[in-house]
A.B. asks: 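To start, I am sharing the structure in question, which I have written as structure tokens.
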Amino acid sequence: MRKVNIEGQTVTPSKVVCVGRNYVAHIHELGNEIPDEMVLFIKPNSAISNTLRSSHGGDELHYEAELSFLYRNGRFDAVAVGLDLTKRRVQSKLKEKGLPWERSKAFDGSALFGEFVPLPPSERGELGLRLFINDKLTQSGSTSLMIYSPDVVLQEVQTFMSLNDGDIVMTGTPSGVGKVQAGSQFEAQVTAGEEVIVSTQWLAK
């Protein structure tokens, strides 16, 4: 089973629950409609990886940086930046046919996570993320830009699904998504207000 890191320890998520279309600007950049209800899908534990790949099974991959929350003891208690890797062409074909997204979203290596850190107190400012690719700011978002806040996401997921300690919830990506280019250096940051509370780097293969 794949693991993630928090404060020098490892945790084994049983699953990763993902929110789609949670930032208006990202919905528009992909030409989608704002959904009437929360879009949710799942990645299995086998999707978790530490290696950022630019392709899988002959399909190019696109990056989506997301604030990701670790669930323990009945609540979200830690946060990291995650990368939701997507086979965009495959996803587009599936959407056209009204079919599930798993082939484009749940493949092995489709979920990367930086180091998780305990959630900071709210007085330090709202949580945000920044993704730099080759030192260029490529994605930036915060909880105030989400259609559904993390607390609302947690409540909705729990209306129909049990979460186990160690499970991860990815809360959607802001605009700026694109193709992963081999050799590119990725740096993802979680911010609280203007302060960077954790940073992670990946080199795309």
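Counting from 1, the numbers follow the sequence of the chain as shown.
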A.B. asks: Taking side chain as C-beta onward, heavy atoms only, is Asp84 less than 4.5 Å from Lys105?
C.D. replies: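 Contact flag for Asp84/Lys105 side chains = yes.
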
A.B. asks: Counting N and O atoms only, with roles assigned by atom type, does the side chain of Ser49 sit under 3.5 Å from a partner on the main chain of Thr51, one being a donor and the other an acceptor?
C.D. replies: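 Yes, Ser49 side chain to Thr51 backbone: donor-acceptor pair under 3.5 Å.
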
A.B. asks: Measuring from atom OG1 of Thr171 to atom CD of Glu66, what distance do you get when rounded to the nearest 0.5 angstrom?
C.D. replies: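 So the gap between those two atoms works out to 6.5 Å.
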
A.B. asks: Going from CD on Gln9 to CZ on Phe116, what distance comes out if it is rounded to the nearest 0.5 angstrom?
C.D. replies: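 Nearest 0.5 Å value for the CD-CZ distance: 14.0 Å.
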
A.B. asks: Does the Asn22 side chain pair with the main chain of Tyr148, one donor and one acceptor, at a distance under 3.5 Å?
C.D. replies: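 Yes; judged by distance alone, with no hydrogens or angles, the pair exists.
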
A.B. asks: List the atom pairs, with distances to 0.1 Å, where a side-chain N or O of residues 163-170 and a protein N or O form a donor-acceptor pair under 3.5 Å, not counting sequence neighbours.
C.D. replies:
residue : atom : partner : partner atom : Å
Asn164  : ND2  : Ser14   : OG           : 3.1
Asp165  : OD1  : Asn73   : N            : 3.0
Asp167  : OD1  : Ser14   : N            : 2.9
Asp167  : OD1  : Ser14   : OG           : 2.6
Asp167  : OD1  : Lys15   : N            : 3.3
Asp167  : OD2  : Ser14   : OG           : 3.3
Asp167  : OD2  : Lys15   : NZ           : 2.6
Asp167  : OD2  : Asn164  : N            : 2.8

A.B. asks: Between Tyr23 and Trp101, is there a shared hydrophobic cluster once you connect ILVMFWY residues whose side-chain heavy atoms come closer than 4.5 Å?
C.D. replies: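 In one cluster: no.
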
A.B. asks: Taking only Lys NZ, Arg NE, NH1 and NH2, and the carboxylate oxygens of Asp or Glu, determine whether Arg89 and Asp59 approach each other closer than 4.0 Å.
C.D. replies: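 Asp59 and Arg89: not salt-bridged.
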
A.B. asks: Group every Ile, Leu, Val, Met, Phe, Trp and Tyr by side-chain heavy-atom contacts under 4.5 Å, then state whether Val190 and Val19 land in the same group.
C.D. replies: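 Result: yes, single cluster for both.
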
A.B. asks: Is the ring pair Phe76/Phe69 parallel, tilted or perpendicular, if the boundaries are 30 and 60 degrees?
C.D. replies: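 Rings of Phe76 and Phe69: parallel, as their planes differ by under 30°.
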
A.B. asks: Salt bridge or not between Glu194 and Arg124? Use side-chain N to carboxylate O under 4.0 Å.
C.D. replies: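 Salt bridge between Glu194 and Arg124, a charged N being under 4.0 Å from a carboxylate O: no.
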
A.B. asks: Using modelled atom types and a 3.5 Å cut-off, is there a donor and acceptor pairing between side-chain atoms of Glu126 and backbone atoms of Ser144?
C.D. replies: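 Answer holds: yes.
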
A.B. asks: Should Val39 and Phe160 be regarded as members of a common hydrophobic cluster, given that ILVMFWY residues are connected when their side-chain heavy atoms come within less than 4.5 Å of each other, either directly or indirectly?
C.D. replies: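 No: no chain of side-chain contacts under 4.5 Å links Val39 to Phe160.
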
A.B. asks: Enter the distance from Glu96:CD to Gln91:CD here, rounded to the nearest 0.5 Å.
C.D. replies: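 The CD atom of Glu96 sits 11.0 Å away from the CD atom of Gln91.
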
A.B. asks: Would you check if Met161 and Leu40 make a side-chain contact, meaning some heavy-atom pair closer than 4.5 Å?
C.D. replies: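 Result no, sub-4.5 Å side-chain heavy-atom pair not found.
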
A.B. asks: Please tell me if the side chains of Leu119 and Leu127 come closer than 4.5 Å, counting only heavy atoms from C-beta onward.
C.D. replies: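 Side chain of Leu119 against side chain of Leu127, heavy atoms only: contact under 4.5 Å found.
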
A.B. asks: Between Leu129 and Trp202, is there a shared hydrophobic cluster once you connect ILVMFWY residues whose side-chain heavy atoms come closer than 4.5 Å?
C.D. replies: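 Hydrophobic grouping puts Leu129 apart from Trp202.
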
A.B. asks: Leu145 versus Pro174: any side-chain heavy-atom pair under 4.5 Å?
C.D. replies: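 A side-chain contact under 4.5 Å is absent here.
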
A.B. asks: Going by salt bridge (Lys or Arg N to Asp or Glu O under 4.0 Å), name the pairs with one or both residues in residues 145-159, residues two or more places apart or in two chains.
C.D. replies: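 Checked against salt bridge (Lys or Arg N to Asp or Glu O under 4.0 Å) - neighbours excluded - no pair reaches residues 145-159.
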
A.B. asks: Quick check: closest heavy atoms across Ala47 and Ala106, and the distance to 0.1 Å?
C.D. replies: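 Looks like CB-O, 4.2 Å.
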
A.B. asks: Ignoring hydrogens, what is the shortest heavy-atom contact between Thr200 and Gly114? Give both atom names and the distance.
C.D. replies: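 Shortest heavy-atom contact: OG1-CA, 3.2 Å.
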
A.B. asks: Taking the side chain from Ser104 and the backbone from Glu102, do they hold a donor-acceptor pair closer than 3.5 Å?
C.D. replies: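 Flag not set: sc Ser104 to bb Glu102 has no pair under 3.5 Å.
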
A.B. asks: Decide whether Val11 and Val17 are clustered together by the hydrophobic rule: side chain heavy atoms of Ile, Leu, Val, Met, Phe, Trp, Tyr closer than 4.5 Å, transitively.
C.D. replies: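 No, it is not one cluster - the side chains of Val11 and Val17 are not joined through contacts under 4.5 Å.
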
A.B. asks: Does the pair Val152 and Met146 meet the rule for a side-chain contact (heavy atoms from CB on, under 4.5 Å), with working shown?
C.D. replies: CA-CA 10 Å; Val152 172; Met146 294 178 179; over 6 Å; no

A.B. asks: Determine whether His56 and Leu61 make a side-chain contact, defined as any pair of heavy atoms from C-beta on separated by less than 4.5 Å.
C.D. replies: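 Answer yes - side chains close enough.
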
A.B. asks: Decide side-chain contact (heavy atoms from CB on, under 4.5 Å) for Leu85 and His62; before the verdict, give the C-alpha distance in whole Å, the side-chain angles of both, and the deciding distance to 0.1 Å.
C.D. replies: CA-CA 6 Å; Leu85 299 182; His62 285 216; over 6 Å; no

A.B. asks: Verify, without hydrogens or angle tests, whether Ser199 (side chain) and Ile197 (backbone) share a donor-acceptor contact under 3.5 angstrom.
C.D. replies: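 No; judged by distance alone, with no hydrogens or angles, the pair does not exist.
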
A.B. asks: With rounding to the nearest 0.5 angstrom, report the NZ to OG distance, Lys97 to Ser92.
C.D. replies: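 If I round to the nearest 0.5 Å, the distance is 12.0 Å.
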
A.B. asks: Set out, in order, the CA-CA distance, both residues' side-chain angles and the distance that settles side-chain contact (heavy atoms from CB on, under 4.5 Å) for Lys43 and Cys18, then state yes or no.
C.D. replies: CA-CA 7 Å; Lys43 293 176 184 277; Cys18 306; 3.9 Å; yes

A.B. asks: Pair Ser54, Lys205 - check side-chain hydrogen bond (donor to acceptor under 3.5 Å, both in side chains), show working.
C.D. replies: CA-CA 6 Å; Ser54 58; Lys205 305 294 185 181; over 6 Å; no

A.B. asks: Is the positively charged end of Lys87 above the ring of Phe107, judged by distance under 6.0 angstrom from the centroid and angle within 45° of the axis?
C.D. replies: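 Cation-pi check for Lys87 and Phe107: passes.
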
A.B. asks: Assess the pair Phe132 and Phe186: is the distance between their ring centroids shorter than 6.0 Å?
C.D. replies: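 No, the ring centres sit 6.0 Å or more apart.
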
A.B. asks: Answer yes or no: is there an ion pair linking Arg53 with Glu60, defined by an N-O contact shorter than 4.0 Å?
C.D. replies: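 Judged by the 4.0 Å cut-off on N to carboxylate O distance, Arg53 and Glu60 do not form a salt bridge.
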
A.B. asks: If we ignore hydrogens and angles and just use 3.5 Å, is the side chain of Glu115 paired with the main-chain N or O of Glu7 as donor and acceptor?
C.D. replies: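 Checked: pair present.
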
A.B. asks: Locate the shortest heavy-atom distance separating Thr173 from Ala65; write the atom from each residue and the value.
C.D. replies: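 Taking every non-hydrogen atom into account, OG1-O, 2.8 Å.
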
A.B. asks: Looking only at side-chain N and O atoms, does Gln181 offer a donor or acceptor that is under 3.5 Å from a partner on Tyr63?
C.D. replies: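 No, because no side-chain N or O of Tyr63 sits under 3.5 Å from a partner of the opposite role on Gln181.
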
A.B. asks: Are Ile48 and Val16 close enough, and set up right, to give a side-chain contact (heavy atoms from CB on, under 4.5 Å), and what steps lead you there?
C.D. replies: CA-CA 9 Å; Ile48 298 171; Val16 179; 4.1 Å; yes

A.B. asks: If you define the side chain from C-beta out and look only at heavy atoms, does anything of Val81 sit under 4.5 Å from Leu131?
C.D. replies: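 No, every pair of side-chain atoms sits at 4.5 Å or beyond.
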
A.B. asks: Decide yes or no for Val117 and Ile6: does some side-chain heavy atom of the first lie under 4.5 Å from some side-chain heavy atom of the second?
C.D. replies: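 Heavy-atom side-chain distance check fails, nothing below 4.5 Å.
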
A.B. asks: Please round to the nearest 0.5 Å and tell me the distance separating atom CD of Gln158 and atom CG of Leu154.
C.D. replies: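 One finds 4.0 Å between CD of Gln158 and CG of Leu154.
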
A.B. asks: Atom CZ of Arg75 and atom CG of Leu70: how far apart are they, to the nearest 0.5 Å?
C.D. replies: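 The CZ atom of Arg75 sits 10.5 Å away from the CG atom of Leu70.
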
A.B. asks: For the side chain of Gln139 and the backbone of Arg130, is there at least one donor-acceptor N/O pair under 3.5 Å apart?
C.D. replies: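 The answer is no, because no donor-acceptor pair under 3.5 Å joins these two groups.
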
A.B. asks: If I compare all heavy atoms of Gly128 with all of Leu67, which pair ends up nearest, and what's the gap?
C.D. replies: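 In this case the closest contact between Gly128 and Leu67 is O-CD2, 3.5 Å.
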
A.B. asks: Quick one: are Leu52 and Ser184 in side-chain contact, heavy atoms under 4.5 Å?
C.D. replies: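 Leu52 does not reach Ser184 side chain to side chain.
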
